[in-house]
Amino acid sequence: MARDVQTAPDGTPARIAGRLVLWRRMGGLVFGHIQDRSGRVQISLAKNDLGEETFKAWHSSAKVGDFVGVTGTVYTTRRGERTVGASDFTVLNKAVRALPDKWHGIADVETRYRRRYLDLLANPESRERFQARSRVISRIRRFLDEADFLEIETPILTEAASGAAARPFVTRHNALGEDFYLRISPETYLKRVVAGSFDRVYEIGRNFRNEGIDPSHLQEFTMLEWYAAYWDYRDNMSFVRELVLAVLDDVFGTRCVTYEGVKLDFGADWPVVDYREAVAQRTGVDLRVVRDFETLKEKCAQLGLDVTKAASYAGLVDLLYKKTVRPELIQPCFLVGHPVELVPLARRNDDDPTRLDMFQVVVNGWEIVKAYSELVDPVDQRVRLEEQADLRAAGDDETMMLEEDFIEAMEYGMPPMSGLGLGIDRFVALLTDAPTLRDVVLFPSMRGAKGPEADSRAASTDEGEGEGTRPEAAGVPDI
RNA sequence: GGGCCGUUAGCUCAAUUGGCAGAGCAGCCGGCUUUUAACCGGCGAGUUCAGGGUUCGAGUCCCUGACGGCCCA
């Protein structure tokens, strides 16, 4: 690899392959740079070594963008750059399109998302960000594996969208003649597995939420969720902090990161902020007293919030918190004591049944982690989910659907447990100073390209015979 | 859904009040034996996002649409 050449002593035989990214001729000597997964390395072709014929044939056979293989010997140039002096040179495959500008790379945001390969090959910071993402995820896996968690996979195509408050995507199963929902959360399946004896499990996988496109939302995003029997939410508070610090130490080598100019210190203590106290301090609205929809709606309206779309008490609480408290939570902190209405799957506090045994980790105004002691009482669970069904019937389309099998699993008995969800995309964006979540996803969802470009693509698809390619495959999938 | 901004050569970007659409890189030709975004000389390169309108004349002004970005809901 390129990296190996950088550390090899002069005289070392070398054999490398990669994409030719720079190529310049100086009379009888040609220099180029080859790029591979480890970085770049310089190569050279010398007329004196190769003879006139070979020299000319080789240097004129390649241009920037081609993939080449080089065999030779490592030496150091006058300017001190380690270089492979070629004794053999092969063009492995040609590029027929010009590469992006060798200095500026790809600046157009749309091109970077739609044709990520160009972004990756031309912009090193993009390559580094996706490498970091991969290392974060593997460090998380190792941390959980070492804590005796079992990695499992649960359905993405589900009969009921559950485990979160969000609108799902709907898709059609042709043979069954039924609609399925792309999961919005794996939560209820993971709990069913805990009931089935695997009492420490986790899943890292894609969730889908039918929301608008903006810098802080993805339609498909990667979530880590784990469940541990016999833990409560406080166990998860200390455990997740250890995990975050392990990722920072081992992947980034620092506990401080700078996000858009703001220094975030994960190494300091994470203060515990009480949800209802914070709301009361910031707005004067005490959620321990204001417990009905109409009164809270009035209070929110007085504060100047747009309450026209709020459909439930929980929706208003969420709106109030998100508009007032959350933007001020910059340094990592634990937010605790959420009102019981917010999460129908979380356990009530024993001493105060109006609050949940729950916490979130908030950093830079973003919720990175949500966790709670799980509700394992099938009677309370049924009541709480039926309340969701009532809200849905009243027109709130971001409520949770009731899954009979989930409650039945609970009726067979579930151990007390605490689960935790961590948004991988947000976490990686924070750690890599990515201005939008689309920068940490290789191929973010985009509106289907229309116009001449799409027309020509459709035409070429029609010409391709025998591949079974349906014309609509290039466009927006049917729903 | 609303507001604002953007879209010009393969890439990065210019183009004054509405007056011949340009540069650098990339490409092609030539020069140059230790370069570093190499350099020097020459050449070719356009549906100015699409469609319509105003005008003697539109990249530029007006309208509609597509895609993207930012902000708001």
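So that the names make sense, note that chain A is the first sequence line, chain B the second, and so on, each numbered from 1. Predicted, not measured: the structure shown is a model, and the values here were computed from it.
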Side chain of Asp306(A): nearest nucleotide among A73(B), U36(B), C11(B)? A73(B)

Ignoring hydrogens and angles, does a donor from either the side chain of Asp101(A) or the base of G10(B) sit under 3.5 Å from an acceptor on the other? no

Separation of C71(B) atom P from Lys323(A) atom NZ, nearest Å, is 12 Å

Which nucleotide in U34(B), C67(B), G27(B) has an atom nearest any side-chain atom of Lys63(A): G27(B)

Strictly by Watson-Crick or wobble contacts shorter than 3.5 Å, is anything paired with G68(B), and which nucleotide is it? C5(B)

Please determine, for the side chain of Trp103(A), which listed nucleotide (C67(B), A37(B), U12(B)) has the closest atom? A37(B)

Please state whether the base of U34(B) and the side chain of Thr83(A) form at least one donor-acceptor pair under 3.5 Å? no

Between C67(B), U33(B), C70(B), which nucleotide has the shortest distance from any of its atoms to the side chain of Glu110(A)? C67(B)

From the options U35(B), A26(B), C71(B), select the nucleotide whose nearest atom is closest to the side chain of Ala98(A). A26(B)

Side-chain contact check for Met446(A): nearest option of U35(B), U33(B), G68(B) is G68(B)

A26(B), OP1 or OP2 - any side-chain N/O from Lys102(A) closer than 4.0 Å? yes

Counting only side-chain nitrogens and oxygens, does Arg447(A) get under 4.0 Å of the OP1 or OP2 atom of C67(B)? yes

If U17(B) has a Watson-Crick or G-U wobble mate with both distances under 3.5 Å, name it; if not, just say none. none

Is the phosphate of C70(B) approached by Arg438(A) (side-chain N or O, under 4.0 Å from OP1 or OP2)? yes

Between the main-chain N or O of Asp357(A) and the side-chain N or O of Arg348(A), is there a donor-acceptor pair closer than 3.5 Å? no

Phosphate OP1/OP2 of U34(B): any Arg79(A) side-chain N/O under 4.0 Å: no

From OH of Tyr117(A) over to C1' of C11(B), roughly how many Å is that when rounded to an integer? 14 Å

Once you apply a heavy-atom cut-off of 4.0 Å, does Gly212(A) come out as touching a base, just sugar-phosphate, or nothing? nothing

Can you check salt bridge (Lys or Arg N to Asp or Glu O under 4.0 Å) on Arg183(A) and Glu203(A), steps first, answer last? CA-CA 13 Å; Arg183(A) 71 172 173 201; Glu203(A) 178 165 13; 3.0 Å; yes

Checking G68(B), U35(B), U36(B) against the side chain of Arg114(A) (C-beta onward), the nearest is G68(B)

To the nearest angstrom, the NE2-P distance between His33(A) and U35(B) comes to 12 Å

